[in-house]
Protein chains: 2
Amino acid sequence: MLVFVVIFYYVFNAYVSTKSPYQELYIDVPIDHYTFSSTNDTFKLRYLLTEDYYVKGGPTFIYCGNEADITVFFQNTGFLLDIAPQFNALVVFAEHRYYGKSMPFGKNSLTSPEYLKYLSSAQALADFVWLIDILGQKYYSTMITNDTYPFIAFGGSYGGMLAAWLRMKYPHIVLGSIASSAPILQINNVKTCEMFNQIVTNSYTSYNNCSLPIKLSWQAIRNLTKTDAGKKNVTAIFNLCKPLHSQMDINELIDGIEDIYVNLAMLNYPYPTNFISSLPAHPIQTFCNKLQSFDVVKTPLNLIEAIASAIAIFTSDPKNCTNFENGIMNPTEYAWNFQACFELIMPSCSSKDDMFEPTQWDYRNFSNDCFKRYGVRSYKPEGILLEYGGKILKYASNIVFSNGLQDPWSSGGILQNVSETVLAILIPEAAHHYDLRGSNVVDTKYVIDARKFHVNVIKKWLKMN
Amino acid sequence: MLVFVVIFYYVFNAYVSTKSPYQELYIDVPIDHYTFSSTNDTFKLRYLLTEDYYVKGGPTFIYCGNEADITVFFQNTGFLLDIAPQFNALVVFAEHRYYGKSMPFGKNSLTSPEYLKYLSSAQALADFVWLIDILGQKYYSTMITNDTYPFIAFGGSYGGMLAAWLRMKYPHIVLGSIASSAPILQINNVKTCEMFNQIVTNSYTSYNNCSLPIKLSWQAIRNLTKTDAGKKNVTAIFNLCKPLHSQMDINELIDGIEDIYVNLAMLNYPYPTNFISSLPAHPIQTFCNKLQSFDVVKTPLNLIEAIASAIAIFTSDPKNCTNFENGIMNPTEYAWNFQACFELIMPSCSSKDDMFEPTQWDYRNFSNDCFKRYGVRSYKPEGILLEYGGKILKYASNIVFSNGLQDPWSSGGILQNVSETVLAILIPEAAHHYDLRGSNVVDTKYVIDARKFHVNVIKKWLKMN
């Protein structure tokens with residue numbers, strides 16, 4: 001069961017350029033924006049800035065950092081840099097607190113819930129507001145008391161939610177927001193918890209129906225691992241770091257493989273990327289072709305060997321063993337799961353009709369897992385809906401929600417225009433926030449059109465100021 | 001110098017009715033809405049509720065409590081109860097944390113800045129949001145995830161700011177807000193810091209130019225108190241609890257008298273009230289008539305005796321001595337001044353043209369005074385403008401800002417329509433949030449019209465849902 005659905009990112013290949021394309025800068029922000037205490041503790045929030053395209057009078061494009069090192073987003077959100085010259089824009093990538101180098105309590109930040117407690121979207125938005133005010137005063141020689149600075153916010157995935165919420169909560173701070181693949185309706189929405197996995201299934205089905213062997217593989221794994229010899233065999237087939245012993249180990253293996261399918265669907269770009277893993281162009285197609293080069297219908301063992309061989313396009317390094325243990329989290333996962341536990345609760349389930357093992361959403365189990373991990377229970381699981389209004393968007397303005405129709409996260413996206421200024425665009429054949437990536441010779445017509453749409457809307461917003 | 005301008009209220013005459021007109025209820029709310037910790041501490045927030053006029057399907061009118069015991073506002077905001085029957089409305093008065101009985105840390109709440117640190121408008125708004133959600137689920141058998149509950153927010157003065165900000169930050173939580181005498185532009189606005197005292201001066205000038213003797217009295221007090229005998233004499237004239245000794249004592253006396261003039265202007269209703277003090281109808285007129293019954297131009301001593309005699313309409317009880325010491329604060333003042341120091345910083349000054357002693361706004365001095373008192377310095381004095389947008393209101397909707405033209409706080413009010421749904425109404429001859437008071441036989445045509453305006457706007461908002 002995908003309890004903590006993966007949308008976090010980590011630095012895979014660092015940017016290799018002799019001349020850095022940005023300045024790495026820091027501002028002091030309060031650890032807690034919502035109290036007035038005698039300590040007034042602050043920490044250093046990182047941001048990346050490029051003045052290369054800025055001409056006095058131009059706007060500022062600010063990327064609302066999400067759950068990873070901000071350099072990852074700089075490298076994978078080229079759209080901002082691509083369009084900066086025509087707008088004479090300053091470009092800023094703001095890091096989200098508790099990720100990358102923006103650690104409120106230094107090395108202790110991710111060591112215990114007591115330090116993690118200031119990790120929330122509201123605190124992160126307040127950080128961005130401080131940064132915008134500081135940059136606004138510097139570049140526009142005016143004060144927010146007089147007028148809105150010409151800032152446009154951008155974000156993809158959780159960063160897209162933040163960009164949308166920034167405009168909703170602080171419409172005086174940014175003129176508008178491009179929120180790409182922002183699943184704001186996924187949060188606490190149990191009703192449609194199966195849609196995410198349905199979309200993933202559809203993506204695999206569209207390649208020679210390769211969701212079918214995937215669907216059959218789970219029972220094959222469960223059957224084969226009933227004996228000790230079978231467990232040993234499957235351990236070897238998947239080159240697992242930790243040999244399969246218990247039922248829990250087998251569940252973790254299945255969860256891990258499911259995660260890979262989800263990631264391939266999210267990252268199903270038409271060219272190779274180094275975003276979450278080093279992936280070829282059209283990774284689902286590559287995976288399915290590889291899978292179907294085996295005779296998967298022969299025996300369950302053949303099927304599993306074929307799966308193991310095909311998913312290696314994600315796990316990639318044949319020299320290293322593969323680790324699917326849920327318990328071992330890197331710092332980014334630890335922080336993101338904290339958010340997913342207490343604030344951004346995204347129900348996930350799968351029906352018997354899709355390629356995953358059927359699961360139901362069980363908040364009680366979810367909350368117990370979170371409590372075991374962090375020793376914390378949420379005050380009010382629906383708190384985030386009260387904070388941002390859930391699907392009630394009619395009072396918002398100047399937001400574009402874009403979604404790729406192949407992106408599983410479109411399941412929680414805004415797929416219809418809400419009003420004249422809260423717009424939805426659907427991008428066929430597009431994966432997770434494809435539109436925010438830099439231009440590429442093989443870009444689809446659809447994504448090129450989406451980017452033109454963004455440019456025109458931004459021009460309109462800037463004229464309104 | 002009026003450093004901490006008085007807009008706080010305290011219970012003067014408790015409501016004397018055998019049958020309570022409301023239920024006194026409590027909900028548990030988090031002490032800190034913006035962190036996720038293992039303690040999850042909550043406290044009991046008080047609210048008053050009357051179902052007397054509620055018919056299933058009717059809306060809920062919620063008063064956003066400000067800096068005092070919520071019963072004071074229940075007693076002095078009769079407008080909500082007056083119009084409830086025609087709307088079949090539920091009526092709720094929500095208490096603001098750290099006032100009345102809503103103490104996050106019980107008896108310790110107001111004893112030190114460490115306990116006070118959760119006293120902010122943002123935390124108070126989040127309390128109101130929780131209360132609205134709980135009442136919404138109970139009375140409308142639905143969830144905020146599905147639709148907006150039919151709540152209309154009301155507030156006067158700081159409560160008016162909260163009502164406006166509630167709609168701006170949580171437009172999914174209330175359909176609209178009536179914000180009466182809400183000086184949201186007073187905050188951090190140094191440019192017009194003298195306007196408040198100018199409006200007070202004008203109110204006194206309009207009664208036989210009685211601002212003139214007031215203007216002359218300051219020098220008279222300063223001259224007379226140059227000697228020890230003079231200090232003794234003036235102490236006796238004002239029946240002061242603490243004899244005048246130092247220059248600081250004299251400054252405090254002058255500050256105290258100035259505060260009274262401000263209060264009389266704020267409370268210049270056409271009928272007697274027991275709101276902040278027990279006052280006659282048209283208290284400025286009463287004061288001026290009394291002042292001018294003396295021959296104030298004869299000698300400085302005559303002038304001071306006349307002033308002392310006239311201000312007794314406010315200090316009222318001749319048996320008790322009068323205390324003007326700044327240092328002695330009741331719990332409400334202590335909490336309010338904390339807010340005024342760190343969040344709601346309202347610059348105040350007076351020019352040589354008005355009836356007060358000329359003063360300049362000096363943030364440095366102000367901040368030093370705050371630090372002496374609370375041991376805390378503000379992170380960012382302009383933080384509140386970043387939070388709520390200051391005068392940038394064009395993206396807000398469904399708010400009525402009403403201001404009485406005799407109310408000194410109109411100096412910081414929204415006096416012009418901002419858009420088709422953010423409206424300003426000006427009420428001639430009206431004092432501080434007069435329109436929110438219950439109807440009275442001597443009500444002016446102007447205030448009656450203002451209330452009709454409110455009723456029509458509320459009908460429109462309810463239809464929009």
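Within every chain, numbering begins at 1; the chains are lettered A, B, ... in the order of the sequence lines, protein sequences first and strands thereafter. Not measured: the values here are computed from a predicted model.
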Discussion item. Check for me whether R377(B) meets the cation-pi criterion with F36(A), that is, NZ or CZ under 6.0 Å from the six-membered ring centre and within 45 degrees of the ring axis.
Written reply: no
Discussion item. Quick check for you: to the nearest 0.5 Å, what is the distance between H33(A) atom NE2 and Y379(B) atom OH?
Written reply: 8.5 Å
Worksheet item: Yes or no on side chain to side chain contact (heavy atoms under 4.5 Å, CB included) for E387(A) and V129(B), after CA distance, side-chain angles and deciding distance?
Response: CA-CA 8 Å; E387(A) 184 63 19; V129(B) 168; over 6 Å; no
Discussion item. If I take atom OG1 from residue T35(A) and atom CG from residue L119(B), how far apart are they, to the nearest 0.5 angstrom?
Written reply: 11.5 Å
Practice prompt. Please state whether the side chain, the backbone, both or neither of T421(A) comes within less than 4.5 Å of a heavy atom of chain B.
Written response: neither
Discussion item. Is D28(B) close to chain A through its backbone or its side chain, or both, or neither, when contacts mean heavy atoms under 4.5 Å?
Written reply: neither
Fill in: N/O donor-acceptor pair under 3.5 Å between Y388(A) side chain and Y170(B) backbone
no
Worksheet entry | Separation between NZ of K394(A) and CE of M464(B), rounded to the nearest 0.5 Å | 7.5 Å
Worksheet item: Donor-acceptor pair, H172(A) side chain versus L393(B) backbone, under 3.5 Å?
Response: no
Discussion item. More than 12 heavy atoms of other residues, nucleotides or ligands under 6.0 Å from NZ of K460(A): yes or no?
Written reply: no
Practice prompt. Give me the ring orientation class for Y34(A) and Y34(B): parallel if the planes are under 30° apart, tilted from 30 to 60°, perpendicular past 60°.
Written response: parallel
Worksheet item: Is it the backbone or the side chain of T42(B) that comes under 4.5 Å from a heavy atom of chain A, or both, or neither?
Response: side chain
Discussion item. Looking only at heavy atoms and a cut-off of under 4.5 Å, which of W130(A), F338(A), Y118(A) has the most pairs with chain B?
Written reply: W130(A)
Discussion item. Go through it in stages, so that I can follow the logic: the residues are D32(B) and D32(A), the test is side chain to side chain contact (heavy atoms under 4.5 Å, CB included), and I'd like the CA-CA distance, side-chain angles, deciding distance and then a yes or no.
Written reply: CA-CA 11 Å; D32(B) 187 353; D32(A) 187 354; 4.0 Å; yes
Practice prompt. Select all residues of residues 109-117 of chain A having any heavy atom within less than 4.5 Å of some heavy atom of chain B, and report them by number, or 'none'.
Written response: P113(A), E114(A), K117(A)
